[in-house]
Amino acid sequence: MTSITGEEAREGFRYDGYATLGRLGLIYIASSIVMDAEWAAMAAPGLSIHTTRVRLPKVTLEGIDQMMNAPELEQSARLVGSAPIDVLCFGGTSASFVYGTAYDKALIGRMEGWAPGVKATTASTASLAALKEVKAGPVALATPYVDAIHQRAINFLESNGHKVLNSGNLGIDEDWALAEVPLEKVFDHVVACDHPDATAIFISCTNFRSAGVIEALETALGKPVISAVQASFWHCLEVAGIDGARPGYGQLFARRLAAEGGTPS
């Protein structure tokens, strides 16, 4: 039997997903499937994503209230925060904006207390930071939400300086149904929500597909398109100081694209 060692053996090694760029922690809705998948699609080789889950009974104000007051939230933060992650994100947009900006900021403080030494963000904080990054003023808003949550999204954006010139929502109240909206319908929904004076378009909801059409939407509409999923991923890179995005997912990532050179060893 022939044995090989050293450089000859290394020729057979394969990329295994080990984090050479950084590790992102995500607290996500138990029944949701879009956000961690889209993060993985946008992540350059060498960036790893580590997800923990919390239960959302229903995509309504009452369901969100139950989730945010359940002990699972703290437990989830402590669990994923025990791993050597660089940043922790709460991946629920509506759950972090329905109570307003002060609550959202307080949630970040709670997360950093539950996961000592780890910087934290939320989908809502990340979305505001992303709109600032692309120098957005007035916006158009596209969501899949029921009316009550959609109105809270408008209130959140306008209370943070982004007048909503036009908006539309799909009235979906079941989490699984959010993820089942095909990209073609997402594209058409966003286009229908645009306004000629909107400086950017914001797509809210982290279980609503968007990453695959952002670049196409920007080309079609001639303006930045920010989704909650994309913004959350980008803000994690910003907070951790990591250049770890693949190209093709919107102009938001202009400063955070990974260096060219292929798969890390």
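- Taking a cutoff of 4.0 Å between a charged side-chain nitrogen and a carboxylate oxygen, Arg256 and Glu238 qualify as a salt bridge.
- The structure places OG of Ser227 at 8.5 Å from CE of Met35, a figure rounded to the nearest 0.5 Å.
- Using modelled atom types, one finds no donor on one side chain facing an acceptor on the other under 3.5 Å when comparing Asp147 with Gln151.
- Annotation: the span from Ile27 atom CD1 to His50 atom NE2 amounts to 14.5 Å, rounded to 0.5 Å.
- A donor-acceptor pair under 3.5 Å links the side-chain atoms of Ser159 to the main chain of Asn155, judged by distance alone.
- Side-chain contact check for Ile29 versus Asp175: some heavy-atom pair is nearer than 4.5 Å.
- Using a 4.5 Å cut-off between side-chain heavy atoms of Ile, Leu, Val, Met, Phe, Trp and Tyr, with links allowed through other members, Leu107 and Leu79 fall into different hydrophobic clusters.
- When all heavy atoms are compared, the tightest approach of Asp194 to Ala140 is CA-CB, 3.9 Å.
- In this structure, the side chain of Tyr15 engages the main chain of Gly46 through a donor-acceptor pair within 3.5 Å.
- With rounding to the nearest 0.5 angstrom, the NE2 atom of His162 is 12.0 Å from the CG atom of Leu141.
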(message) Working note: Trp176 + Asn207, criterion side chain to side chain contact (heavy atoms under 4.5 Å, CB included); need CA distance, chi angles, decisive distance, verdict.
(response) CA-CA 8 Å; Trp176 288 357; Asn207 201 32; 5.6 Å; no
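- The nearest pair of heavy atoms linking Ser204 to Tyr145 is OG-OH, 2.7 Å.
- Classification of Lys58 and Glu174 as a salt-bridged pair holds, one side-chain N sitting under 4.0 Å from a carboxylate O.
- Phe233 and Leu257 end up in the same hydrophobic cluster when Ile, Leu, Val, Met, Phe, Trp and Tyr side chains are linked at under 4.5 Å.
- Linking ILVMFWY residues whenever their side-chain heavy atoms come closer than 4.5 Å, directly or via other members, leaves Ile108 and Phe156 in distinct clusters.
- Put simply, the side chain of Leu47 reaches to within 4.5 Å of the side chain of Leu237, judged on heavy atoms.
- Rounded to the nearest 0.5 angstrom, Leu61 CG and Ser94 OG are separated by 8.5 Å.
- Residues Glu74 and Arg78 are paired through a salt bridge, judged by an N-O separation under 4.0 Å between the basic side chain and the carboxylate.
- Closest of all the heavy-atom pairs between Val229 and Trp39 is O-NE1, 3.2 Å.
- Panel note: side chain Thr121, backbone Cys89; no donor-acceptor pair is recorded below 3.5 Å.
- Of the inter-residue distances, the one linking Thr93 atom OG1 with Ile203 atom CD1 reads 11.0 Å to the nearest 0.5 angstrom.
- Thr206 contributes a side-chain N or O that, together with a main-chain N or O of Gly91, makes up a donor-acceptor pair within less than 3.5 Å.
- With respect to the salt-bridge test (charged N to carboxylate O, under 4.0 angstrom), the residues Glu72 and Arg55 qualify.
- Side chain of Glu158 to main chain of Lys163: no donor-acceptor pair is present (N/O by atom type, distance under 3.5 Å, no hydrogens or angles).
- Interatomic distance, Leu217 CG to Ser210 OG, rounded to the nearest 0.5 Å: 9.0 Å.
- In terms of heavy atoms, Ala40 sits closest to Arg246 at O-NE, 4.4 Å.
- Between the Arg152 side chain and the Val98 main chain, a donor and an acceptor come within less than 3.5 Å of each other.
- Just one residue in the list Val213, Leu170, Ile214 forms a side chain to side chain contact (heavy atoms under 4.5 Å, CB included) with Val186, and that residue is Val213.
- Inter-residue side-chain proximity for Trp234 and Glu133 is flagged as met; some heavy-atom pair is nearer than 4.5 Å.
- For the pair Lys223 and Asp197, the salt-bridge criterion is not met [side-chain N within less than 4.0 Å of a carboxylate O].
- When side chains are defined from C-beta on, His150 counts as touching Ser167, because their heavy atoms get closer than 4.5 Å.
- Two rings, from Phe90 and Tyr28, have their centers 6.0 Å or more apart.
- Judged by distance alone, the side chain of Glu218 and the main-chain N or O of Gln251 form a donor-acceptor pair under 3.5 Å.
- Contact annotation: the side chain of Ile242 approaches that of Asp86 to within less than 4.5 Å [non-hydrogen atoms, C-beta and beyond].
- Clustering ILVMFWY residues whenever any of their side-chain heavy atoms sit less than 4.5 angstrom apart, transitively, puts Ile49 in the very cluster that holds Val80.
- Ring planes of His189 and Phe208: perpendicular class, angle over 60° (limits at 30 and 60°).
- When every heavy atom of Val59 is checked against every heavy atom of Ile149, the shortest pair comes out as O-CD1, 3.6 Å.
- Side chains of Val139 and Leu165 form no contact here, defined as non-hydrogen atoms less than 4.5 Å apart.
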(message) The test is side chain to side chain contact (heavy atoms under 4.5 Å, CB included); show your working for Leu252 and Val134 and say whether it passes.
(response) CA-CA 7 Å; Leu252 174 64; Val134 299; 4.3 Å; yes
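- Residues Asp104 and Phe97 are not in side-chain contact: their nearest non-hydrogen atoms beyond the backbone lie 4.5 Å or more apart.
- Put simply, the side chain of Asp173 never gets that close to the backbone of Thr60: no donor and acceptor are under 3.5 Å apart.
- A pairwise comparison of heavy atoms in Gly212 and Leu183 identifies CA-CD1, 4.3 Å as the closest pair.
- Judged purely by atom type and a 3.5 angstrom limit, Glu112 uses its side chain to pair as donor or acceptor with the backbone of Ala120.
- Residues Cys205 and Leu178 form a side-chain contact, since some pair of their non-hydrogen atoms from C-beta on lies under 4.5 Å apart.
- Proximity of a side-chain donor or acceptor of Gln230 to a complementary backbone N or O of Tyr249 within less than 3.5 Å is detected.
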